[in-house]
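When reading the values below, keep in mind they use all heavy atoms of this one structure, side chains included, and skip hydrogens, waters and symmetry mates. Source: prediction; values computed, not measured.
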Amino acid sequence: MNYDAYMLLWQNAFIQLKQIDYINKSDVHVSKVLTYSSFLIVTGGGAQVVIDDQPYHVQRFSIFHIGKSQCLQITAQQSVSYFLISYKGDVMYKDAFMQHLHMHYQPFQTHFSCVPANPIVIHSILQDMYSKWQSGSIQEHLSVRASFYELVYHVFRELAEGQGKPHEMDKAEAARLFIKQHIHQPLSIQTLADMLQISTRHLLRIFKARYEIGPQIYLQQLRIEQAKQYLLTNQYGIKEIAISLGFEDEYYFSRAFKKATNMAPSSFRLKYTASMSEIAITNENHFQYNNNQLAQAKRFENGENEIMMRKMIQHIKLPFLLSLIVLLAACNEDTSQSKVDEQTLSDTAVTRTVTDDSGREVEIPVKAERIVTDWYLGQILALDVVPVGGVTANLDYAAFLKQHYKDGEITNIGTDGKVSLEKVLELKPDLIITWNVEDVAKYEKIAPTIVFAEDAHQSAMEEIEAMGNYLGRQAEAEKFTKEFEDRIAKAKEKIMDVIPEGSTFTIYEMFEKNATIVGQSSVSGGRALYQILGMKPQEKVQEIFDTKEASNGRYEISYEVVGDYVGDYNFMINFFNKDGQLPATWTNLDVVKNNQVLELPSEYYFASDPLSGLHQAEELADKIVDFTKAQQQ
């Protein structure tokens, strides 16, 4: 984590405390989606904590920060003590730079943990906060807010100074959950070990120590249990079940099933489905039916089938309904008189149903004209469409896009995460495109809303193709893709004509107390340099790409080791140190003293959409060519 950035954001934060709970008991089973950002502090006992899909085995004083709408699960058989502090946070912007930081680091949403070196001080703060919160007085609540800032200060100080350590993920439980979620896919021990960044030997040891069996046996047991359920539904063939559960073939599946149950799959199905069919359907014994039978029985009992049919009809797509009309008409009237021109009717349709990147079915215009987006300006402009509304980050920090629209043509609807619904309403959009599933309910009251997710698409071209499908501009998407590929091919050719073979590249971002290495597919030019142009990262840079997890597309490093990541070509984006007051460990580097670092303006290299990426790639190519020629003179 970039602790300097987080502490600066918290320094400018406005906090509303919503609730402080203290639990001290045994046999705890909590599972809930958090309404607010929260701190969970386990002060005593042991518990299994799962935050979204990340499990932690807590046996000592531990602190977790959890973002709003994340899922929290706490399980403890023995006595456990913990505080749960819920709050709502906001950052008071002084300038566009603070907004930039807020958007990148999302301080109230980011999940992090700390095992403090000095838990006594923190425990004292917590006890004082809780007792004053319980009093309910306004004066005491004001004191609690001050104590909350003190708590945050102690947590970040411990982490920044290296005294407190992040809580290690429970890798045995992470492996178990991953296996459980992927029983239908081929899965190897090596894959699991690589995911957890440990050796296969270590994985086998910790898994068996926790669950008394190895991961392969656990996976086999899960698959056999799932196979039993499939067999009882009597809907799938044995070969289909075998393939779906990752067995090599039906014969291997049959052998494994018989070894576990002493029955062949066919015998198991015959025995249990036959015995179930002999039981009358009554309220007293309906639990003996399989899930499908029971659900169907309950629907009829509750009169839900008619409701379900109406809902189903509402979701049937237009071409199917038109075909059905044709068929019914043909049954009752002369075909020549009742034939319906399906294509003509389809052409007159004004809406269609799509499935967006969050899996929602949404009825949207066939070809939207007045579009508002809270993030995806570049993807929309690439299709020769100018949205009527966009957010500050795109309008101020995606400067390459300004050539694709006129001043005043796009209304600023606010900042990412703080959009003005009044402004959106005034624009009378016919389609809203958002990144945030949580905002859909608000946006849908104004216009049809789809969720678009960059990580749902494998490349820049797939993003454009998907956006083209949503907007009904497939031809424009195809045109952009062709132009993109031609221009990038020329940019690559320019570079390869001048750089020495095997040249390496690095992009640094400079902050006050540390630096970051820009990732392969992130903003700040990373996507353009590595993914679009295909340039080779410096060796140590490639190593952190392969072995570490990025934070918002970046990898934090200290100024003491910046020299380890110097490539043949080095780029730098300077955020904090506008006056050039950078540490000697940076300024004493040969590439810095010899003016061999190419500076990139942040307002042009903030965005990573395909259109910005195209312009960034072409400018990077020009910079690389000019720099190389200058060095050769």
Side-chain angles (χ1 to χ4, degrees), residues 100 103-104 375-383 393-394 396-404 454-455 457-467 477 480-499 503-510 515-538 541-542 544-545 550 552-555 565 567-575 597-628:
H100 173 85
M103 184 164 42
H104 267 297
W375 190 250
Y376 298 108
L377 179 60
Q379 288 86 344
I380 298 170
L381 290 172
L383 302 172
N394 290 160
D396 290 352
Y397 281 91
F400 275 122
L401 300 181
K402 292 182 182 293
Q403 59 193 288
H404 295 278
E454 292 160 289
D455 57 8
H457 312 286
Q458 297 300 312
S459 66
M461 294 303 90
E462 285 191 16
E463 280 182 43
I464 295 299
E465 181 183 358
M467 188 64 79
F480 177 82
T481 299
K482 176 72 167 58
E483 182 182 348
F484 182 95
E485 291 173 345
D486 290 344
R487 289 169 62 175
I488 292 302
K490 291 176 183 177
K492 287 181 178 179
E493 187 177 354
K494 285 173 62 175
I495 295 172
M496 301 313 293
D497 282 345
V498 299
I499 67 171
S503 294
T504 60
F505 297 78
T506 303
I507 304 179
Y508 292 95
E509 287 180 317
M510 317 310 289
T516 65
I517 299 295
V518 173
Q520 286 175 293
S521 58
S522 75
V523 296
S524 304
R527 187 181 201 183
L529 182 67
Y530 299 121
Q531 191 180 98
I532 295 176
L533 288 172
M535 296 298 103
K536 181 182 178 182
Q538 189 259 17
V541 171
Q542 183 64 60
I544 62 171
F545 288 172
N552 297 301
R554 301 166 170 83
Y555 301 84
Y565 300 92
D568 298 309
Y569 294 84
N570 301 280
F571 300 90
M572 183 260 282
I573 301 173
N574 191 348
F575 281 116
V597 176
L598 304 173
E599 187 158 359
L600 303 176
S602 59
E603 64 270 23
Y604 283 87
Y605 284 83
F606 168 75
S608 62
D609 62 87
L611 186 53
S612 293
L614 171 61
H615 291 299
Q616 290 167 2
E618 289 181 324
E619 183 174 88
L620 287 169
D622 289 338
K623 287 180 178 290
I624 292 167
V625 170
D626 293 344
F627 174 80
T628 305

Closer than 4.0 angstrom, basic N to acidic O: yes or no for D486 and K482? yes
Considering all heavy atoms, the nearest F545-V518 contact: CZ-O, 3.5 Å
Quick check on Y555: does its OH atom have over 12 non-hydrogen neighbours (other residues, nucleotides or ligands) under 6.0 Å away? yes
Kindly give the heavy-atom pair with the smallest separation between W375 and A393, and that separation in Å. CZ3-CB, 3.9 Å
Side-chain contact, heavy-atom cut-off 4.5 Å: H615 with R487? yes
F571 and Y508: CA distance, side-chain angles, deciding distance, ring pair (Phe, Tyr, Trp, His ring centres under 6.0 Å) verdict: CA-CA 6 Å; F571 300 90; Y508 292 95; over 10 Å; no
Donor-acceptor pair, side chain of Y530 and main chain of F505, under 3.5 angstrom: yes
Can M496 and M535 be said to form a side-chain contact (heavy atoms from CB on, under 4.5 Å), step by step? CA-CA 10 Å; M496 301 313 293; M535 296 298 103; 4.2 Å; yes
Heavy-atom side-chain contact between L529 and I507 under 4.5 Å: yes
To the nearest 0.5 angstrom, please state how far the CE atom of M467 sits from the CD atom of Q379. 5.0 Å
How are the rings of H104 and H100 set relative to one another: parallel (under 30°), tilted (30 to 60°) or perpendicular (over 60°)? perpendicular
If you look at every heavy atom in G567 and Q538, which pair is closest and at what distance? CA-CG, 3.8 Å
CD1 on I624 to CG on D568, rounded to 0.5 Å: 11.0 Å
Looking at every heavy atom in both L620 and A528, which two are closest together, and how far apart are they? CD1-CB, 4.0 Å
Roughly how far, to the nearest 0.5 Å, is the CG atom of L381 from the CD atom of Q403? 10.0 Å
Just by modelled atom types, is the A607 backbone N or O under 3.5 Å from a matching donor or acceptor in the S612 side chain? no
Assess, by modelled atom type and distance only, whether the side chains of E509 and S524 contain a donor and an acceptor separated by less than 3.5 Å. yes
Taking it one step at a time, do I464 and L611 satisfy side-chain contact (heavy atoms from CB on, under 4.5 Å)? CA-CA 9 Å; I464 295 299; L611 186 53; over 6 Å; no
Can you check side-chain contact (heavy atoms from CB on, under 4.5 Å) on Q616 and Y604, steps first, answer last? CA-CA 8 Å; Q616 290 167 2; Y604 283 87; 6.0 Å; no
Rounded to the nearest 0.5 Å, what separation is found between the CG atom of D396 and the NZ atom of K402? 5.5 Å
For Y605 and E619, which I'm curious about, is there any donor-acceptor pair between the side chains at under 3.5 Å? yes
Would you check, one step at a time, whether the test side-chain contact (heavy atoms from CB on, under 4.5 Å) holds for I544 with I517? CA-CA 9 Å; I544 62 171; I517 299 295; 3.9 Å; yes
Nearest heavy-atom contact between I573 and S602 is CG2-CB, 3.9 Å
How many angstroms lie between atom CG of L401 and atom CG of N394, to the nearest 0.5 angstrom? 7.0 Å
Is atom NZ of K536 surrounded by more than 12 heavy atoms (other residues, nucleotides or ligands) closer than 6.0 Å? no
Look at E463 together with R527 and state whether they make a salt bridge at an N to O cut-off of under 4.0 Å. yes
What's the separation between atom CG in L533 and atom CD in E618, rounded to the nearest 0.5 Å? 9.0 Å
With a 4.5 Å cut-off on side-chain heavy atoms, are Y376 and E454 touching? yes
Measure the shortest side-chain to side-chain distance between T516 and M510 over non-hydrogen atoms and say whether it is less than 4.5 angstrom. no
So, for Y569 and F627, which heavy atoms are closest and what is the spacing to 0.1 Å? CE2-CD2, 3.5 Å
Any side-chain heavy atom of Y565 sitting closer than 4.5 Å to one from N570? no
